[in-house]
Novice: 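Before I ask anything, let me first share the structure, which is written out below as structure tokens.
All of these numbers come straight from a predicted model, not from anything done at the bench. Numbering of residues begins at 1 and proceeds along the displayed sequence. One-based numbering, in listed order, for ligands and for the atoms of each.
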Amino acid sequence: MKLLFLNGPNLNLLGLREPQMYGRTTLAEIEAQVRKRAGELAAEVDFRQTNVEGELVTWIQEARGRYDVIVLNAAAYTHTSVALRDAIAALGIPTIEIHLSNTQSREPFRQNSFITAVCVGQIAGFGPASYVLAVEAAVTVVEKAKSR
Ligand code: DQA
């Protein structure tokens, strides 16, 4: 089972960035937590970050045939990107939307997501644990697909 974790803009600054909102854990530390849980569940992980919208689109397109599930924290592009939405819809790989913060409890512009409707589900509001929960959700998605 292969999982592709994609992280959007400014998530490279985790640990420094608005710690009252996003905590002090760095993205590298979150990646380590993801790899640990994935190892326990016999899943392989690729984990990437970019500040460039088009790069996320390209990585989603290239995932075809290579990954079972995409886990996406699109960060600010969640609220702006029709291109990401279209890439997820075109690809057909189950995609899980994640956020560290509970976007529904924040500013109105964060309460709209362009990608939720084309994702299998969303995990938000648990800080770094959102990522670990996504590993478990991804395994569930793959097992459910196999049992059909
Ligand atoms: C975020 C929430 C987004 O609204 C914001 O733009 C981010 C991080 C989160 O993980 O809570 O950059 O995706």
Novice: Between ligand 1 and the protein, which N/O pairs are shorter than 3.5 Å?
Specialist:
from	atom 1	to	atom 2	distance (Å)
ligand 1	4 (O)	His79	NE2	2.7
ligand 1	4 (O)	Arg110	NH1	2.9
ligand 1	6 (O)	Ala76	N	3.2
ligand 1	6 (O)	Arg110	NH1	3.1
ligand 1	10 (O)	Asn73	ND2	3.0
ligand 1	10 (O)	Leu100	N	2.7
ligand 1	11 (O)	Leu100	N	3.3
ligand 1	11 (O)	Ser101	N	2.8
ligand 1	11 (O)	Ser101	OG	2.6
ligand 1	12 (O)	Arg17	NH1	3.1
ligand 1	12 (O)	Arg17	NH2	2.9
ligand 1	13 (O)	Asn73	OD1	2.8
ligand 1	13 (O)	His99	ND1	2.8

Novice: Side-chain contact test, heavy atoms from C-beta onward, threshold under 4.5 Å: evaluate it for Glu44 versus Asp46 and give yes or no.
Specialist: no
Novice: How close do Glu29 and Arg24 get, heavy atom to heavy atom, and via which atoms?
Specialist: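 Looking at all heavy atoms of both residues, the closest pair is OE1-O, 4.1 Å.
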Novice: State whether Lys146 and Glu143 are salt-bridged, where the test is any N-O pair (Lys NZ or Arg NE/NH1/NH2 against Asp/Glu carboxylate O) under 4.0 Å.
Specialist: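 Salt bridge: no.
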Novice: Do Tyr131 and Asn7 meet the criterion of a side-chain donor-acceptor pair at a distance under 3.5 Å?
Specialist: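 Indeed, the side chains of Tyr131 and Asn7 share at least one donor-acceptor pair under 3.5 Å.
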Novice: So, Glu97 versus Thr78: side-chain donor-acceptor pair below 3.5 Å or not?
Specialist: no
Novice: Could you list the residues that satisfy side chain to side chain contact (heavy atoms under 4.5 Å, CB included) with Thr50, not counting sequence neighbours?
Specialist: Val52, Glu55, Leu56, Trp59
